[in-house]
Amino acid sequence: MAVTIKTEDEIAKMRIAGRKAAEVLEYIEPYVVPGVSTEELNRLCHEYITQVQKAIPAPLNYKGFPKSICTSVNQVVCHGIPSEKKILKSGDIINIDITVIDNGYHGDTSKMFLVGKVAPHAERLVRVTQECLYKAIELVKPGTHLGDIGHVIQKHAEAHYFSIVRDYCGHGIGLGFHEDPQVLHYGTPGTGMELVEGMTFTIEPMLNAGKAATKLKSDGWTVETRDGRLSAQWEHTLAVTATGVEVLTARKEEPF
Ligand code: MF3
Ligand code: CO
Ligand code: CO
């Protein structure tokens, strides 16, 4: 599939979808506390997206995914399935990944939440992963190559002795949930596709405390670290502008 360049009208629609996805993360924050189940977080987000936002939760029934959000706790890298049986406890780290469809367009974003009191090494993994995303966003403008983006993420992660998950990547986004190009979170400067105004894509680095290898659980969705150590992920949906970048899924707490 070819990369689609969005018109200003399309970007305007993606801006609304992106803002809605961001607002779900803002809405759910006070509920992410010890004792809550990931199914309860799913239920709250589903109700908010469908009843308040009048939007569609993209994961629900996507290739058979059974829930409206992804909840990935501790050693879960991505695509964790919300469950009544998964109760958050103090010390957990959790990624909540929200994708909404509004007016046909997708907005895709995720962040890490610290549950109760979290160990310093876990907090460091979460912080460095967010720094990787932010350093990558800073590079987004016409003329930057995808390899530049991958490289800055890889360099920052490895400087902190963390590994980059290579089995999953960012992606173009728009009318489709996962469009071209693939946005790798590792790479070589000056290589890969060159960005042009009107491209929209996600950057969503996953960093592991141990080795990069992942394994898919028998539910067909949940991705875990092979070595059982912690993993963290942050994601934004971005648009390339004439002079730089617009973060379509920015939250109020962020500096964009
Ligand atoms: N939101 C994920 C991404 O960032 C995709 C989730 S697919 C699902 O690309 F089916 F697991 F929801
Ligand atoms: Co994504
Ligand atoms: Co996502």
Side-chain angles (χ1 to χ4, degrees), residues 1 3-4 6 14 17-26 28 38-39 41-43 45-46 49-50 55-73 76-83 86 94-102 105-113 129-130 132-133 136-137 140 146 149-150 153 164-185 199-207 214-224 231-239 245 247-251 254:
M1 198 188 29
V3 173
T4 60
K6 277 72 177 179
M14 291 207 53
R19 185 182 313 130
K20 286 187 178 183
E23 284 172 355
V24 179
L25 288 177
E26 293 174 336
I28 201 63
T38 53
E39 172 57 26
L41 298 175
N42 174 73
R43 190 188 64 75
C45 290
H46 179 91
I49 293 165
T50 58
I56 299 167
L60 186 60
N61 301 320
Y62 174 77
K63 297 183 177 174
F65 191 80
K67 299 289 177 175
S68 296
I69 66 172
C70 296
T71 51
S72 302
V73 180
V76 178
V77 174
C78 62
H79 305 166
I81 303 172
S83 159
K86 186 65 193 173
I94 178 176
N95 175 280
I96 300 183
D97 193 336
I98 304 292
T99 310
V100 305
I101 308 171
D102 186 273
Y105 287 86
H106 291 72
D108 186 6
T109 185
S110 78
K111 68 171 280 186
M112 298 299 299
F113 296 87
T129 307
Q130 186 180 35
C132 284
L133 173 58
I137 290 172
V140 175
L146 286 178
I149 291 172
I153 294 168
I164 295 286
V165 171
R166 291 172 179 248
D167 304 338
Y168 301 88
C169 60
H171 49 91
I173 184 167
L175 288 171
F177 193 162
H178 296 107
E179 301 182 352
D180 280 343
Q182 293 195 37
V183 179
L184 304 183
H185 302 118
M199 282 183 180
T200 53
F201 58 89
T202 73
I203 303 177
E204 48 184 297
M206 288 144 275
L207 270 64
T214 67
K215 64 170 189 234
L216 184 63
K217 292 190 73 175
S218 59
D219 61 23
W221 282 103
T222 308
V223 178
E224 292 191 342
S231 188
Q233 179 177 33
W234 294 76
E235 175 177 25
H236 271 310
T237 297
L238 311 164
V245 62
V247 182
L248 299 173
T249 48
R251 298 180 302 281
E254 293 185 301

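Predicted model, so just to flag it, every value in this text is computed and none were measured. Numbering of ligands and ligand atoms starts at 1, following listing order.
- Heavy-atom proximity to Thr99, at under 4.0 Å, picks out these atoms of ligand 1: 1 (N).
- Put simply, the side chain of Asn42 gets close to the backbone of Ser68: a donor and an acceptor are under 3.5 Å apart.
- By the criterion of a heavy-atom distance under 4.0 Å, neither the backbone nor the side chain of Lys63 is placed next to ligand 1.
- Using a 4.5 Å heavy-atom threshold, the side chains of Leu175 and Tyr105 count as touching.
- Geometrically, Lys67 does not engage Phe65 in a cation-pi contact, judged by NZ or CZ lying under 6.0 Å from the ring centre and within 45° of the ring axis.
- For the side-chain hydrogen bond (donor to acceptor under 3.5 Å, both in side chains) test with Thr249, the passing option among Glu254, His236, Lys20 is His236; the others fail.
- Side-chain atoms of Thr202 do not come within 3.5 Å of backbone N or O of Gly170 as any donor-acceptor pair.
- Among the atoms of His171, some N or O lies under 3.5 angstrom from an N or O of ligand 1.
- Partners of His46 according to the ring pair (Phe, Tyr, Trp, His ring centres under 6.0 Å) rule, which considers only residues two or more places apart in sequence or in another chain, do not exist here.
- For the residue pair Thr214 and Asp167, a side-chain donor N or O sits within less than 3.5 Å of a side-chain acceptor on the partner.
- For Cys70, every heavy-atom contact with ligand 1 shorter than 4.0 Å involves the side chain, none the backbone.
- Side-chain contact check for His171 and Glu204: at least one donor-acceptor pair (N or O, by modelled atom type) lies under 3.5 Å.
- Here is the list of ligand 1 atoms found below 4.0 Å of a heavy atom in Glu204: 3 (C), 4 (O), 9 (O).
- Of the options Gly64, Gly80, Pro59, the smallest heavy-atom separation from atom 12 (F) of ligand 1 is shown by Pro59.
- Atoms of ligand 1 found under 4.0 Å from any heavy atom of Phe65 (numbered from 1 in listed order, with element): 8 (C), 10 (F), 11 (F), 12 (F).
- Within ligand 1, the atoms closer than 4.0 Å to a non-hydrogen atom of His178 are 3 (C), 5 (C), 9 (O), numbered from 1 in the order shown.
- Contact annotation: the side chain of Met14 approaches that of Ile173 to within less than 4.5 Å [non-hydrogen atoms, C-beta and beyond].
- Within the 4.5 Å cutoff, no side-chain heavy atoms of Met112 are placed close to those of Thr129.
- The ligand atoms of ligand 1 that sit less than 4.0 angstrom from a heavy atom of Trp221 are 8 (C), 10 (F), 11 (F).
- For the pair Tyr168 and ligand 1, no heavy-atom separation below 4.0 Å is found.
- Here Thr202 has no heavy atoms under 4.0 Å from ligand 1, in either its backbone or its side chain.
- Considering only non-hydrogen protein atoms, atom 2 (C) of ligand 1 sits nearest to Asp97 OD2, 3.4 Å.
- The contact set between ligand 1 and Glu235, taken as ligand atoms under 4.0 Å from a residue heavy atom, comprises 4 (O).
- Residue-and-atom listing of protein N/O/S atoms under 2.8 Å from the Co ion (ligand 3), sorted by chain and number: Asp97 OD1, Asp97 OD2, Asp108 OD1, Glu235 OE1.
- For atom 3 (C) of ligand 1, the nearest non-hydrogen atom of the protein is Asp108 OD2, 3.4 Å.
- Looking at Thr99, its side chain never comes within 3.5 Å of a backbone N or O of Pro59 through a donor-acceptor pair.
- Taking a cutoff of 4.0 Å between a charged side-chain nitrogen and a carboxylate oxygen, Lys6 and Glu179 qualify as a salt bridge.
- Checked against a 6.0 Å centroid threshold, the rings of Tyr62 and His106 do not count as neighbours.
- Residue contact annotation: His171 places an N/O/S atom under 2.8 Å from the Co ion (ligand 2).
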